Amino acid sequence: MKKTQTQVCIIGAGPAGLLLGHLLRAEGVDCVVLERRSPDYVLSRIRAGVLENITVSLLERLGLDSRMKAEGLPHDGFNLADGERLIRIDIAELTGQQVVVYGQTEVTRDLMDAREERGLEVVYEAEDVTLHEVDGDAPRVTYSLGDEEHQVDCRFVVGCDGFHGPSRKSVPASVGKEYLREYPFGWLGILADVPPCNHELIYANHERGFALASMRSETRSRYYIDVPLTDKVEEWPDDRLWDELAIRLGPEAAANITRGPALEKSIAPLRSYVFAPMRHRSLLLCGDAAHIVPPTGAKGLNLAASDVHYAADALVRFFKAADNDAIGGYSDKALARVWKSERFSWSLTKLMHRFPEDGPFERAMQVAELDYIANSRAAQTSIAENYVGLPV
Ligand code: FAS
Ligand code: PHB
């Protein structure tokens, strides 16, 4: 067993784990990141596309924002399509802020590429990562690399290992509480090297279902439709999906859709999930390890960023200023923002999707709410300030 000592052991090298690792290294806090998969595998997962200010500002603070600034697309607004019209939410005019369209894959790549120069140790293909004694002040994490066993002795473990990782499961059942809402549909997404059909995102609620027109650049598009959970990707050849997108996005957008072969096509289930508390003794949880939102509000990646912002601040105060209070306050602080993002993501999902159990009254409520939004600056401001991200 090869033993190493550090101050913080981070589980997971997705955006949360890498952001946290870089922030701690930048402040002189020793850490190591343990990742189950290979770098290529992590980069192959196509996930989020819209960055809130908190994510942009963390990359700026780390000096890792140059490619995002060069290739990212600042957006001043987005659109809700109700089958009759496009309702534009002018986030810049209503909030004075923008969002940046820049894929999570690119954020992760930028963080990965900087690990050597920044001295961030990331162990890829670490298997059987297991947390021990997180109840005490001297937790340890064991893992195997090839046929060698390793142990990391540390003061804190931060679980950035996503929804299916081991960290959350290390919190005693008597301590943790779960909140879950599963949705009766998934999102079928397609990534294609074709120009976007619109210069801003369009979220559509059509009688046949939900659609989203998004993008990664001026030449790469990302689209989604909601599908029954029983559907398989194989049942959606490209042409069928392009036909369905053209119908659901409406004739104006459809006229501008450029079709092309899928670079990636997958179905993701939708759920709202929160695990509390987000800290148990020497274990902190960040990102999808602690919460999941339906991607409708573009919050998942950005919530991971705000968790990491709070966790990094608390850990630096602990190690550099012997301040235990910030660690003690981490969970409450992170959850306060998590719950507000959960609410927004749930409400926008409810507004923009057709639920199988809904009847004429529920549909009438969607129509009324969209009409109210179309004609109310107050309603649009509320949506806009949630979309750009509530204050951290
Ligand atoms: P991640 O899941 O990204 O990273 C966790 C890391 O931990 C992974 O690299 C994993 O390999 C590693 N890990 C897991 N178990 C481990 C173990 N035992 N040992 C070591 N490492 C382990 N959000 C949006 O805002 N918009 C979207 O459109 C969107 N689409 C999504 C589509 C899908 C299919 C999914 C699953 C999520 C989507 N999300 C979206 C949310 C997503 O972007 C997450 O919020 C984001 O990846 C959170 O980042 P992390 O918390 O770092 O978790
Ligand atoms: C994406 O581009 O992948 C994307 C954008 C906005 C969302 C969800 C996904 O709300």
Side-chain angles (χ1 to χ4, degrees), residues 14-15 41-51 73 75 78-81 99-109 162-164 182-198 200-206 208-250 253-254 256-272 288 292-304 345 348-349 352-354 387:
Y41 184 96
V42 174
L43 290 174
S44 70
R45 293 186 305 232
I46 305 302
R47 298 267 184 87
V50 173
L51 307 187
L73 303 172
H75 276 206
F78 69 95
N79 303 274
L80 301 176
V99 291
V100 175
V101 171
Y102 187 67
Q104 172 175 322
T105 304
E106 304 318 316
V107 172
T108 307
R109 193 193 311 278
F163 188 66
H164 301 290
E182 290 182 313
Y183 296 89
F185 37 69
W187 275 18
L188 166 62
I190 182 170
L191 185 72
D193 274 341
V194 293
C197 69
N198 193 52
E200 291 176 335
L201 274 64
I202 301 173
Y203 294 80
N205 176 336
H206 186 275
R208 291 170 66 98
F210 170 84
L212 168 59
S214 183
M215 63 201 76
R216 291 291 177 272
S217 68
E218 309 287 3
T219 58
R220 177 167 287 191
S221 297
R222 178 70 168 165
Y223 289 95
Y224 298 90
I225 60 168
D226 77 316
V227 293
L229 288 170
T230 48
D231 274 17
K232 301 276 179 287
V233 178
E234 301 72 48
E235 298 165 8
W236 285 91
D238 292 2
D239 279 348
R240 182 187 174 198
L241 178 48
W242 288 119
D243 289 344
E244 191 64 29
L245 280 162
I247 295 167
R248 295 190 188 187
L249 288 166
N256 297 318
I257 289 178
T258 305
R259 298 184 176 209
L263 299 172
E264 189 269 356
K265 194 162 55 177
S266 55
I267 297 177
L270 267 60
R271 62 171 66 88
S272 296
D288 280 18
I292 298 285
V293 283
T296 324
K299 293 286 154 250
L301 168 61
N302 297 295
L303 264 186
S345 305
L348 200 58
T349 302
M352 298 309 290
H353 291 73
R354 304 293 172 98
Y387 197 81

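Owing to the predicted nature of the structure, the values given are computational and were not obtained by experimental measurement.
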What's the separation between atom [atom1] in [X] and atom [atom2] in [Y], rounded to the nearest 0.5 Å?
X	Y	atom1	atom2	result
His353	Leu348	NE2	CG	8.5 Å
Leu245	Tyr223	CG	OH	7.0 Å
Leu241	Ile190	CG	CD1	5.0 Å
Met215	Leu201	CE	CG	5.0 Å
Arg45	Ser266	CZ	OG	12.0 Å
Leu270	Thr296	CG	OG1	5.5 Å

Is a salt bridge present between [X] and [Y], judged by a nitrogen-to-oxygen distance below 4.0 Å?
X	Y	answer
Arg248	Glu244	yes
Arg109	Glu106	yes
Asp243	Arg259	yes

For the backbone of [Y] and the side chain of [X], can you confirm whether one donor and one acceptor N or O come within less than 3.5 Å of each other?
X	Y	result
Asn302	Val50	yes
Ser221	Val194	yes
Lys299	Pro294	no
Asp226	Gly209	no
Arg271	Tyr183	no

Side-chain contact test, heavy atoms from C-beta onward, threshold under 4.5 Å: evaluate it for [X] versus [Y] and give yes or no.
X	Y	result
Trp187	Pro295	yes
Glu235	Arg240	yes
Pro195	Thr219	no
Leu303	Val293	yes
Ile46	Thr105	yes

Check your understanding: What class does the angle between the rings of Phe78 and Tyr203 fall in, given that below 30° is parallel, 30 to 60° is tilted and above 60° is perpendicular?
Key -> perpendicular
**Study point:** Qualifying residues under ring pair (Phe, Tyr, Trp, His ring centres under 6.0 Å), relative to Tyr41, sequence neighbours excluded
**Key:** none
Revision key, fill the gap. Taken in chain and number order and not counting sequence neighbours, the residues that satisfy ring pair (Phe, Tyr, Trp, His ring centres under 6.0 Å) with Tyr102 are none
Which pair of heavy atoms, one from [X] and one from [Y], lies closest together, and at what distance?
X	Y	answer
Ala192	Pro261	CB-O, 3.6 Å
Gln104	Arg47	OE1-CB, 3.4 Å
Val227	Leu188	CG1-CB, 4.0 Å
Cys197	Ile257	CB-CG1, 3.8 Å
Leu229	Gly186	CD2-N, 3.7 Å
Thr349	Ser345	OG1-O, 2.6 Å

**Study point:** Ile225 and Phe210: CA distance, side-chain angles, deciding distance, side chain to side chain contact (heavy atoms under 4.5 Å, CB included) verdict
**Key:** CA-CA 5 Å; Ile225 60 168; Phe210 170 84; 6.0 Å; no
Exercise for review: Write out all pairs satisfying salt bridge (Lys or Arg N to Asp or Glu O under 4.0 Å) with one or both partners inside residues 261-270, taking only residues at least two apart or from two chains.
Suggested key: Arg222-Glu264, Asp238-Lys265
Check your understanding: Can you list the steps and then say if Arg216 with Leu73 is a side chain to side chain contact (heavy atoms under 4.5 Å, CB included)?
Key -> CA-CA 8 Å; Arg216 291 291 177 272; Leu73 303 172; over 6 Å; no
Exercise for review: Run the numbers on Val99 and Leu51 for side chain to side chain contact (heavy atoms under 4.5 Å, CB included), then give the verdict.
Suggested key: CA-CA 6 Å; Val99 291; Leu51 307 187; over 6 Å; no
**Study point:** Val233/Trp236 under side chain to side chain contact (heavy atoms under 4.5 Å, CB included): CA gap, chis, key distance, verdict
**Key:** CA-CA 5 Å; Val233 178; Trp236 285 91; 5.6 Å; no
